[in-house]
There are 2 protein chains.
Amino acid sequence: MTGNFSGNKTDIKERQMKGYKSAGRQSIAFKNPPYIIAASSLAGEKEGEGPLGSHFDQIIPDPMVGKNTWEEAESELMRMAAQTVLAKAELKPTDIRFLIGGDLLGQLIATSFGIAELQIPIFGVYGACSTMGESMSIGAILVDGGFAKRVIAITSSHFAGAEKQFRFPLDYGNQRPYSASWTVTGSGAVIIADHPANKKAGEPDIVITGITSGKIVDYGIKDSMNMGAAMAPAAFETIKQNFEDFTIKPDYYDKIITGDLGYVGKNILIELLKEKDYDITKQHMDCGIEIYNQDTQDTHAGGSGCGCSAVTFAGYILEKLKAREWKRVLFVPTGALLSQVSFNEGNTVPGIAHAVMVEVR
Amino acid sequence: MTGNFSGNKTDIKERQMKGYKSAGRQSIAFKNPPYIIAASSLAGEKEGEGPLGSHFDQIIPDPMVGKNTWEEAESELMRMAAQTVLAKAELKPTDIRFLIGGDLLGQLIATSFGIAELQIPIFGVYGACSTMGESMSIGAILVDGGFAKRVIAITSSHFAGAEKQFRFPLDYGNQRPYSASWTVTGSGAVIIADHPANKKAGEPDIVITGITSGKIVDYGIKDSMNMGAAMAPAAFETIKQNFEDFTIKPDYYDKIITGDLGYVGKNILIELLKEKDYDITKQHMDCGIEIYNQDTQDTHAGGSGCGCSAVTFAGYILEKLKAREWKRVLFVPTGALLSQVSFNEGNTVPGIAHAVMVEVR
């Protein structure tokens with residue numbers, strides 16, 4: 001249905017010049033790549049003590065964030081992340097045309113209660129821990145398509161809320177297997193716009209050049225304590241499709257950054273891609289691995305949750321791009337599509353991954 | 001931020017000619033209004049016995065739809081609705097660029113498991129019972145923006161799954177107050193495309209001319225058994241904004257159709273609009289009121305659930321448009337943004353409503 005493109009890596013720009021929007025089977029090349037003009041990252045104490053702690057805008061030591069429940073705490077984190085990104089961009093809520101956001105809690109209550117006061121038209125989205133990839137994708141579509149000048153893409157997660165939602169309330173004191181990941185307490189947001197930001201002298205523009213949107217991938221994994229294994233095949237399919245749709249190789253990117261595969265999922269992803277003759281060993285990074293110190297923080301398989309990739313992107317990855325240390329990044333948040341009900345009923349844990357191509361201009 | 005437009009009802013076409021996409025504060029006028037080329041509606045036995053029963057593609061008498069759990073039954077309904085809409089359009093899954101869908105179950109498991117086999121890139125969305133409005137909005141944006149030739153917008157709900165999710169499992173046999181609504185068992189889907197369908201002779205084109213996207217509206221209602229009251233203010237805000245953004249009056253439309261306000265919410269909506277000098281008494285219809293017979297079906301406040309507005313639109317409303325009985329419709333699915341957790345923690349029930357302008361061409 002969509003055109004077939006051949007050629008080398010310079011083709012992406014050519015395609016944009018020609019006005020193609022659909023690239024290959026699952027990808028879009030933006031004609032007027034939208035700008036990421038501001039970002040905010042708020043994280044909890046444990047994340048603050050991790051290797052990326054100094055990159056976040058704010059560390060919130062109180063896990064309740066001054067509220068009465070874990071769910072309200074997560075909403076408050078999201079509210080603060082939205083207010084912070086607006087303040088950093090020197091914008092008001094009325095300057096934002098749409099907010100695209102979601103979270104892990106049933107019926108997206110962290111988002112609904114977190115951003116209600118902003119009074120921005122909202123598209124609630126759910127892609128499990130891939131949500132930041134989905135919200136940035138829809139945000140870029142709205143801006144490139146001329147439907148919005150500025151949008152906010154936002155997501156959050158909270159360790160205690162997620163444990164209660166998906167596993168056991170913390171008060172049970174249950175043991176966690178080594179393949180289990182640690183849900184990040186944090187919220188990250190970006191503002192995507194059709195014009196560049198007011199930048200400091202010498203700072204480059206950061207743009208979203210394309211996306212590759214994920215299908216649901218189900219390899220039959222049934223262990224909710226091993227989500228890395230459930231999500232790795234989805235990351236594999238999306239990354240492989242990105243290479244094929246744009247006719248590029250892994251070295252097109254300085255970094256290929258998955259959301260929260262952790263140590264278990266990372267190895268599976270690299271092996272699956274090797275079988276297709278793609279070696280991403282040099283480029284690959286996983287937000288879930290970077291966010292905690294495995295030796296000292298006892299987080300087992302690594303970090304996870306919508307907030308994991310969101311705060312790592314908004315805090316750390318954008319800094320590297322602004323400093324021009326990295327020029328082209330494939331950001332691939334990964335999600336495990338389970339609920340406590342589907343898990344208890346013996347269903348598999350399908351995965352999904354939404355890739356966003358972010359480049360320095 | 002977006003332009004201010006003044007003038008009369010003919011302006012919508014003028015704006016499209018001029019290439020404006022943003023209309024007013026919350027609306028979009030599509031430049032190339034996308035076509036609704038096919039629709040499918042599958043419903044349960046109770047819905048089949050209701051006044052709209054003859055309009056649905058298929059009635060499924062078995063509430064388990066041949067599966068072992070209510071959740072799997074809902075997934076199966078969605079799978080069947082997707083396959084039916086593809087068959088009616090004589091298309092294959094690979095002809096569809098994106099699927100935009102969601103449901104009421106925590107973490108959207110009805111959708112994830114229902115549409116996995118189609119292997120179409122998916123954007124999971126959540127707007128409670130407003131989800132069909134949200135998925136059609138994003139679908140129309142993708143098509144009008146040139147990002148997709150064809151997309152599927154889909155949603156579902158299931159009475160037993162929703163009662164278990166939000167209230168009490170059916171086996172408890174609890175009594176339901178008269179303000180409570182009855183979740184529709186059903187799934188509805190539409191294909192939105194950049195070209196008209198192969199039509200029967202004399203059949204008109206049905207297009208989406210614009211959308212008005214909802215904000216979260218919280219009037220402080222706390223009763224999950226009275227969702228009509230919780231959602232009516234959101235419907236009010238979105239409908240009023242639609243009138244203001246396009247500078248039109250209620251009589252621009254042949255019908256203004258809310259999703260599932262029911263008998264309680266309908267009256268609140270009409271009163272709220274009257275206070276702003278908009279009288280929609282003649283135009284208003286509510287899918288939740290139409291779908292059951294109040295005298296004989298004991299469904300209290302009326303039907304609700306994502307499936308309620310979806311099957312009513314895909315089955316009944318599109319028929320009326322195709323027959324040219326109605327030429328302009330404002331379709332406004334309404335959602336109550338609660339979860340069992342937010343309700344049990346004493347939170348309010350905020351509402352949201354996403355409006356889609358559907359017209360005969």
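Chain letters run A, B, ... following the sequence lines, proteins first and then strands; every chain starts at 1.
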(request) Starting at CG of Asn344(A), measure out to CD of Glu71(B) and round the result to the nearest 0.5 Å. (result)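 Rounded to the nearest 0.5 Å, the CG-CD separation comes out at 10.5 Å.
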
(message) If I take atom CZ from residue Phe113(B) and atom CD from residue Glu345(A), how far apart are they, to the nearest 0.5 angstrom?
(response)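 Result: 9.5 Å between the selected atoms.
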
Interface moiety of [X] toward chain A, non-hydrogen atoms closer than 4.5 Å:
{"X": "Leu99(B)", "answer": "neither"}
{"X": "Ile100(B)", "answer": "neither"}
{"X": "Ala116(B)", "answer": "both"}
{"X": "Thr348(B)", "answer": "both"}
{"X": "Ile352(B)", "answer": "side chain"}

(request) Heavy-atom distances under 4.5 Å only: say whether Leu118(A) touches chain B with side chain, backbone, both or neither. (result)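 Answer is neither: Leu118(A) stays 4.5 Å or more from chain B.
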
(request) Name the region of Ser130(A), side chain, backbone, both or neither, that has any atom closer than 4.5 Å to a heavy atom of chain B. (result)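 Answer is neither: Ser130(A) stays 4.5 Å or more from chain B.
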
Quick one: which of [options] has the most heavy-atom pairs under 4.5 Å with chain A, could you say?
{"options": "Leu337(B), Leu142(B), Ile122(B)", "result": "Ile122(B)"}
{"options": "Ser339(B), Gly127(B), Ser137(B)", "result": "Ser339(B)"}
{"options": "Ile138(B), Leu105(B), Asn68(B), Asp218(B)", "result": "Ile138(B)"}
{"options": "Thr238(B), Val125(B), Ile141(B), Ile120(B)", "result": "Ile141(B)"}

Heavy-atom closest contact ([X] atom, [Y] atom, distance):
{"X": "Tyr126(A)", "Y": "Gln107(B)", "answer": "OH-CG, 3.0 Å"}
{"X": "Gln26(A)", "Y": "Pro121(B)", "answer": "CG-CG, 3.5 Å"}
{"X": "Ile216(B)", "Y": "Gln119(A)", "answer": "O-NE2, 2.7 Å"}

(request) Go through the steps to decide whether Phe147(A) and Ile211(B) satisfy the test side chain to side chain contact (heavy atoms under 4.5 Å, CB included), and finish with yes or no. (result) CA-CA 11 Å; Phe147(A) 302 105; Ile211(B) 58 172; over 6 Å; no

(request) May I ask you to name which of Gly214(A), Ala128(A), Gly124(A) has the most heavy-atom pairs under 4.5 Å with chain B? (result)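 It is Gly124(A).
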
(message) Determine whether a donor-acceptor pair (N or O, by modelled atom type, separation under 3.5 Å) exists between the side chain of Arg97(B) and the backbone of Arg25(A).
(response)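 Yes, because the side chain of Arg97(B) sits within donor-acceptor range (under 3.5 Å) of the backbone of Arg25(A).
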
